[in-house]
Amino acid sequence: MSNLTERDIRIQKIEQLRQLWINPYAAKFENRQSIKDIKEKVQSLQLKSYEELQAGQTSEIFRIAWRIMTKREHWKLSFAKLRDFTGDLQIALVKDQFKIYDPSTENEVSSIDSWEFWKKLVDLWDHIWVEGYLFVTKHWELTLFVKKLYFLSKTVRPLPEKFHGLWDDKESRYRYRYLDLIVSDEQGEQREIEFLRKDKKFKEFFVGLFKGNSEEVLKKSEEKEIVNKNFWRTTEDIKELYTNWLENIKKVVKFRKDKLKEYIPEVVSKWLNLDINESKKFVENLNSEELEKFYDYMFTLFVKSNKVRDFVLDLMKEKLPAQYLAAKFRMNTKLRFIKRWEVIKFLRNYLEKHWFVEVETPVLQNKASWALAKPFITHHNAYDIDVYLRIAPETRLKRAIVWWFEKVYEFARCFRNEWVDPSHLQDFTMLEFYRTYVDYNFLMDFTEKMFKDLLKEVFGTLSLIILDREWNPVEVDFSKNWPRVTIFDLIKPYFPELEDLWKRDALGEAKELAKIKLKDYIDEEDIKEMMKLWWGNFIDFVYKKTARKKLIEPVFVINHPIELSPLARKNDENPKVVDRFQLVVNGWEIVNAYSELIDPVDQMERFIEQAKAKAAWDEEAHDIDKDYVKAMEYGMPPIAGWGSGIDRLCALFMTQENIRDVVMFPLMKPESSEDEF
């Protein structure tokens with residue numbers, strides 16, 4: 001018995017390819033067509049049938065290349081599925097009907113038996129280039145009839161057996177993101193759509209598909225969508241889709257009952273034995289308890305079965321766009337990163353249309369300032385000094401405004417040496433921009449319009465599904481006007497005396513009363529932390545422990561204590577607060593912005609107070625940045641500044657509870673078995 005692993009066998013095939021004068025790792029492949037472009041173009045073509053192509057008739061030649069996802073053989077005919085970045089396409093190879101070509105010269109390698117080459121040397125996950133003609137199979141699948149095959153790259157390590165076991169915990173998906181991208185793109189991480197079970201709109205829609213109005217759902221609004229997707233089908237074919245879908249469900253249920261010996265609820269067993277018309281009436285007449293059991297079982301099939309799920313998702317795209325997007329984002333990792341790119345592209349274009357200039361600022365800094373956070377420290381060997389990794393690009397960007405630059409922005413990589421939780425990472429991408437001659441009220445209007453435009457253009461909807469703190473789906477309507485509420489008004493329902501105590505500077509009294517008022521929201525460790533805090537951090541602590549987590553719909557939180565905002569401008573009516581806002585959605589701070597402090601004397605006084613706090617207890621407080629104050633003394637115009645964490649923003653918009661789900665390669669602790677290859 002051979003002890004060779006599949007990896008060993010694939011490595012042997014590399015040498016076999018070389019013996020046939022085939023380079024197992026080609027240099028290039030030019031003039032290929034994307035699968036998306038092919039599918040769009042083919043709608044205007046008159047396709048040949050399979051029989052016509054076998055008989056030697058020809059049509060337009062198409063060239064595609066990428067990875068082999070599936071491969072199956074039927075005597076002298078073989079089908080495979082190729083996937084590129086834009087989609088999938090089936091290919092068909094018929095014995096004696098295609099040849100092997102060298103990609104470096106594009107000449108035929110006549111000495112090779114093409115059929116044996118395909119069967120024995122080409123494996124799943126290998127990269128190939130094929131040329132041929134398009135046709136449609138009897139099962140209505142668009143397929144490329146291959147005439148030329150070029151080998152591009154041999155994959156040595158196949159996906160692990162039962163690879164879905166890798167995704168039992170999300171840590172594995174973060175650690176092996178390159179596999180996660182393949183697996184989730186192949187058939188989706190099905191468990192990730194469990195959240196829809198609790199969604200009321202989805203439940204009503206899904207149950208309706210089993211009732212008498214189901215066909216109307218298809219005919220009225222989805223027929224156009226499905227015709228476009230399956231362009232080679234006629235309208236009469238489309239009308240059969242609903243019936244076929246129900247029949248497929250019955251087949252799946254019977255298989256799970258008879259072959260897998262799965263328990264089937266009695267209400268589903270009764271439904272199973274009825275014809276299509278009877279089964280629709282049966283579901284319509286179920287009582288609430290029976291309907292709940294029926295829905296619960298059918299939803300489980302929706303999660304587990306591609307045949308059940310794909311048809312429903314197609315219908316959801318138009319009927320339930322928010323739920324559709326949430327399901328796709330949670331199932332498909334690649335889609336999230338494509339959409340993240342589109343978000344960044346939109347924001348950059350939007351700012352540049354408003355005449356903002358992109359500026360790059362240094363990551364290594366002499367001062368750990370410009371945001372309340374603990375910095376990372378490293379050593380600069382050439383200068384023999386300790387330096388800090390950038391917490392934020394703020395004061396560097398504002399230095400650019402001292403002269404000439406009126407509107408600046410930067411997508412900045414920032415580093416904060418603090419905790420990790422679902423809404424925080426130590427290294428993250430921040431968008432900051434600064435605009436002269438406007439205040440924070442202008443930026444609230446600008447922010448609301450920019451994000452609404454982003455949602456319409458990038459996501460196609462102003463309603464999104466957000467997961468609340470208990471992971472229940474909540475549909476948030478971003479089309480409404482976003483309210484503006486002071487931080488003290490938000491705290492009042494939980495601690496109504498706080499604002500008055502703050503005005504009287506009765507911090508000790510406030511802390512003692514907080515132990516009573518917040519007893520349902522804090523524990524002993526929280527109390528220990530709270531007792532160390534000064535006013536600004538104390539008010540922020542109370543707000544985060546009580547009100548913030550309840551803010552699901554978008555809201556602008558305004559008028560923060562001055563101690564929390566050492567770079568923000570004092571409010572003209574109340575100098576104890578600053579002209580600042582935070583945009584909060586689902587308890588997450590999405591945007592932080594304020595009218596900038598441009599008074600250098602006031603700025604130096606605040607830096608001194610921050611330095612005292614840092615010396616006493618607050619490791620997140622600012623150092624004194626004399627160079628920044630010197631720049632201010634040369635004169636700054638009125639400025640308003642804005643910052644948003646791109647990772648957090650994308651996680652929110654894509655129904656993710658953890659921002660690492662929208663970061664391609666988040667930092668992970670090393671594995672204990674890292675040395676194993």
Above 12 or not: heavy atoms from other molecules or residues under 6.0 Å from [atom1] of [X]?
| X | atom1 | result |
| --- | --- | --- |
| W129 | CH2 | yes |
| E278 | CD | yes |
| E116 | CD | yes |
| K328 | NZ | no |

Over all heavy atoms of both residues, which pair between [X] and [Y] is shortest? Give the atoms and the distance, please.
| X | Y | value |
| --- | --- | --- |
| A327 | L196 | CB-CD1, 4.0 Å |
| T137 | Q90 | CG2-NE2, 3.7 Å |
| K250 | L274 | NZ-O, 3.1 Å |

Out of curiosity, [X] [atom1] to [Y] [atom2], how far, rounded to the nearest 0.5 Å?
| X | Y | atom1 | atom2 | result |
| --- | --- | --- | --- | --- |
| R83 | T70 | CZ | OG1 | 9.0 Å |
| H127 | F151 | NE2 | CZ | 10.0 Å |
| D647 | M664 | CG | CE | 12.0 Å |
| L89 | L134 | CG | CG | 6.5 Å |
| L181 | R173 | CG | CZ | 10.5 Å |
| L652 | L464 | CG | CG | 7.5 Å |

Heavy-atom donor-acceptor pair, [X] side chain to [Y] backbone, under 3.5 Å:
| X | Y | result |
| --- | --- | --- |
| R340 | V662 | yes |
| D661 | E657 | no |
| R648 | E589 | yes |
| T655 | I465 | yes |
| D314 | K317 | no |
| E284 | F282 | no |
| S114 | K99 | no |
| N586 | L467 | yes |
| R177 | V663 | yes |
| D126 | D123 | yes |

Are [X] and [Y] close enough that some pair of their side-chain heavy atoms sits under 4.5 Å apart?
| X | Y | value |
| --- | --- | --- |
| R72 | K81 | no |
| R10 | P158 | yes |
| V130 | L144 | yes |
| L121 | F117 | yes |
| I552 | V476 | yes |
| W245 | V308 | yes |
| R330 | F195 | yes |
| V584 | I590 | no |

Please determine if [X] forms a cation-pi arrangement with [Y], meaning its NZ or CZ atom is less than 6.0 Å from the six-membered ring centre and no more than 45° off the ring axis.
| X | Y | answer |
| --- | --- | --- |
| K334 | F85 | yes |
| K549 | W588 | no |
| K71 | W125 | no |
| K120 | W118 | no |

Pair [X], [Y]: side-chain N/O donor-acceptor within cut-off below 3.5 Å:
| X | Y | result |
| --- | --- | --- |
| D180 | Y174 | no |
| N277 | S279 | no |
| S78 | E73 | no |
| E290 | Y295 | no |

Less than 4.0 Å between a side-chain N and a carboxylate O, is that true for [Y] and [X]?
| X | Y | result |
| --- | --- | --- |
| K41 | E60 | yes |
| E266 | K270 | yes |
| K339 | E342 | yes |
| E262 | K257 | no |
| K13 | E6 | no |
| R197 | D296 | yes |

**Step-by-step ring-ring contact (aromatic ring centres under 6.0 Å, His included) determination, W66 to F29** = CA-CA 10 Å; W66 204 246; F29 165 53; over 10 Å; no
**Asked** Which class fits the ring pair F478 and F653: parallel under 30°, tilted 30 to 60°, perpendicular over 60°?
**Response**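 Judged by the thresholds at 30° and 60°, the geometry between F478 and F653 is perpendicular.
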**Prompt:** Excluding sequence neighbours, so at least two apart, what forms ring-ring contact (aromatic ring centres under 6.0 Å, His included) with F302?
**Reply:**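 Partners of F302 by the ring-ring contact (aromatic ring centres under 6.0 Å, His included) criterion, ordered by chain and then number, come out as F202, F206, F299.
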**Request:** Take K345 and E457 through the test salt bridge (charged side-chain N to carboxylate O under 4.0 Å, His left out) and record every step on the way to the result.
**Result:** CA-CA 11 Å; K345 182 174 67 170; E457 183 169 321; over 6 Å; no
**Request:** Starting from the C-alpha separation in whole Å, work towards a yes-or-no answer on ring-ring contact (aromatic ring centres under 6.0 Å, His included) for F145 and F98.
**Result:** CA-CA 9 Å; F145 186 89; F98 68 98; 9.3 Å; no
**Qualifying residue, where the test is side chain to side chain contact (heavy atoms under 4.5 Å, CB included) with I91 and the options are L149, I68, I128** =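 Exactly one candidate clears the test, I128.
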Sequence neighbours left out, cut at 3.5 Å: what donor-acceptor pairs do the side chains of residues 448-455 make with other protein atoms?
residue : atom : partner : partner atom : Å
E448    : OE2  : K452    : NZ           : 2.8
E448    : OE2  : W482    : N            : 3.3
K449    : NZ   : D453    : OD2          : 2.8
K452    : NZ   : S479    : O            : 3.3
K452    : NZ   : K480    : O            : 3.0

